[in-house]
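One structure is given below, encoded as structure tokens.
Quantities reported herein were computed from a predicted structural model and do not represent experimental measurements. The first residue in the sequence is number 1, and the count goes up from there.
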Amino acid sequence: MGRIMCLAFPLVVFAVLSLCHGVAEAVPTSPKPTLKWHYYNHTCHYVEEYVRHEVKLFYKEDKSIAPKLARLVYSDCFVTGCDASILLDEGPNPEKKAPQNLRLGGFVLIDKIKAVVEAKCKGIVSCADILQFATRDALHLAGAPSYPVFGGRKDGTKSDAASVDLPSPSISWQESLAYFKSRGLNALDMTTLLGTHSMGRTQCSYIVDRLYNYNGTGKPDPGLNGAFLDTLRRSCPPRKKGQPNPLVYLNPESGSTYKFTETYYKRILSHEAVLGIDQQLLYGEDTEQITEEFAAGFEDFRKAFAASMNNLGDVKVLTGNQGEIRQHCRYTNKGKLN
């Protein structure tokens, strides 16, 4: 029976296989050969402990750091790759100044961690790896699994807002999947990684189209639960240029606790997703099946999430002689000297 169950759900094969073999926490599949587990064992042995300590201190004061770091990784890896270019302040118009990135957070924590690590192991650990370590630890504190993060990334030396092509949260599931595939990720990765929307907030400007003028129809998104539509409209009234742009929780069930849970997927099934792209998961055959599976079993979601975060962390990494190890995450080494 165990073998039959393992074969029954190929779209969540990683999660189900892990369960069938009794794995308590997921260990990701083979990483890119250039990244290694325990990469800093001989050069900065306790780096992950340094990172974890600083994240815990910050998390006690601000639990929103978990979704902030998750979004920071997304904004970094999906543009020029996981090279910490999102952290740079150099240049006339760095990535963080792109319209899609204007509400990013977490920079202060990464600066703090980098200062601590540099004091212990000068010039050894990249900002790109620190960002991956810190995000893993913050998400774990919020309820996600703790998973191995492979190291060896180098930091990029360029950051340009013009390169930021992050899509609108109102796109269709087909457009979203095409975007994920362009980064080497699949439907399981997409459905899983969007699960970070189980916590955090978004601006009303990203959802008003669903509330009042879906696809230019002058009507709300028919896929929205009526009662929930009324709730969202109270939080996000029609907005004119220059008026406030309120924030709403992506998952009211998580709210200000910023907990990482499977309720995100349950809300999709109930047509109560806040972002359009989240509700769209219900309309793709593969993504619908995965959504139903994750809504029914949090452990499946947790294990798949560990694997997909590692897949995301592999996107277009710089290694070896590529890039550099920045002394300060906001500046390239050359720029800092100037």
Look at the side-chain heavy atoms of Ile, Leu, Val, Met, Phe, Trp and Tyr, link any pair under 4.5 Å apart, and say whether [X] and [Y] land in one connected group.
X      : Y      : value
Val149 : Leu318 : no
Tyr283 : Val274 : yes
Ile110 : Ile124 : yes
Phe107 : Leu69  : yes
Tyr39  : Tyr147 : yes

Between [atom1] of [X] and [atom2] of [Y], what distance do you get to the nearest 0.5 Å?
X      : Y      : atom1 : atom2 : answer
Lys181 : Asn186 : NZ    : CG    : 8.0 Å
Ile86  : Ser159 : CD1   : OG    : 6.0 Å
Leu88  : Asp160 : CG    : CG    : 11.5 Å
Leu211 : Phe228 : CG    : CZ    : 9.0 Å
Arg153 : Thr34  : CZ    : OG1   : 9.0 Å
Leu87  : Leu72  : CG    : CG    : 5.5 Å

Side-chain contact test, heavy atoms from C-beta onward, threshold under 4.5 Å: evaluate it for [X] versus [Y] and give yes or no.
X      : Y      : answer
Val248 : Arg201 : no
Ser170 : Tyr206 : no
Gln100 : Ser75  : no
Arg239 : Tyr212 : no
Lys120 : Val47  : no
Leu109 : Ile113 : yes
Tyr265 : Leu194 : no
Glu288 : Glu285 : no

Backbone of [Y] reached by a side-chain donor or acceptor of [X] within 3.5 Å:
X      : Y      : value
Asp221 : Gly223 : yes
Arg267 : Gln279 : no
Lys316 : Cys77  : no
Asn101 : Glu95  : yes
Asn213 : Thr217 : yes
Asp209 : Tyr214 : no
Gln322 : Thr319 : yes
Asp278 : Ile268 : no
Ser254 : Lys259 : yes
Lys114 : Val125 : yes

How far apart are the closest heavy atoms of [X] and [Y], and which atoms are they?
X      : Y      : value
Leu224 : Ala273 : CD2-O, 3.8 Å
Ala187 : Asp286 : CB-CB, 4.5 Å
Gln280 : Ile171 : CG-O, 3.7 Å
Ala66  : Ala138 : CB-O, 3.7 Å
Ser126 : Asp155 : CB-OD1, 3.5 Å
Tyr59  : Ala142 : OH-CA, 3.5 Å

What do the steps show when you test Arg103 against Arg71 for side-chain contact (heavy atoms from CB on, under 4.5 Å), and what is the final call?
-> CA-CA 10 Å; Arg103 290 195 59 85; Arg71 188 181 170 202; 3.8 Å; yes
Give the intermediate values and the outcome of side chain to side chain donor-acceptor pair (under 3.5 Å) for residues Thr263 and Asn251.
-> CA-CA 8 Å; Thr263 56; Asn251 180 2; 2.8 Å; yes
Would one find more than 12 heavy atoms of other residues, nucleotides or ligands at under 6.0 Å from atom CD of Glu61?
->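 Incorrect, the count does not exceed 12.
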Cation over ring face, Lys112 and Phe58, 6.0 Å, 45° =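 Checked: cation-pi criterion not met.
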Near-ring test Tyr179/Phe78, centroid separation under 6.0 angstrom |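 Here the rings of Tyr179 and Phe78 have centres that are less than 6.0 Å from each other.
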For the residue pair Tyr331 and His328, is the inter-centroid distance of their aromatic rings smaller than 6.0 Å?
->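 They qualify: ring centres under 6.0 Å apart.
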Determine, stepwise, if the pair Tyr50 / Cys44 fulfils side-chain contact (heavy atoms from CB on, under 4.5 Å).
-> CA-CA 10 Å; Tyr50 303 147; Cys44 190; 4.2 Å; yes
Give me the ring orientation class for Phe260 and Phe301: parallel if the planes are under 30° apart, tilted from 30 to 60°, perpendicular past 60°.
->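 Plane angle under 30°, so parallel.
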Have Glu90 and Thr332 got a donor and an acceptor in their side chains that come within less than 3.5 Å?
->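 Judged by distance alone, the side chains do pair up.
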Pair Asp83, Ser85: side-chain N/O donor-acceptor within cut-off below 3.5 Å =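 Their side chains do contain a donor-acceptor pair, which is all the 3.5 Å distance test asks for.
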Residue from Arg136, His53, His38 passing side chain to side chain donor-acceptor pair (under 3.5 Å) with Glu48 |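 Of all the options given, the one that passes is Arg136.
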Mind checking side chain to side chain donor-acceptor pair (under 3.5 Å) for Glu175 and listing every partner two or more places apart, or none if nothing turns up?
->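 Counting only residues at least two positions away or on another chain, Glu175 forms a side chain to side chain donor-acceptor pair (under 3.5 Å) with Ser172.
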CA sep, side-chain torsions, deciding dist, call: Ile207, Cys236, side-chain contact (heavy atoms from CB on, under 4.5 Å) | CA-CA 8 Å; Ile207 63 172; Cys236 299; 3.9 Å; yes
Is [Y] paired with [X] through a side-chain N to carboxylate O contact shorter than 4.0 Å?
X      : Y      : value
Glu299 : Arg302 : yes
Asp129 : Lys154 : no
Arg183 : Asp189 : no

Verdict with supporting geometry, Phe133 and Tyr40, side-chain contact (heavy atoms from CB on, under 4.5 Å) | CA-CA 12 Å; Phe133 292 145; Tyr40 295 103; 4.1 Å; yes
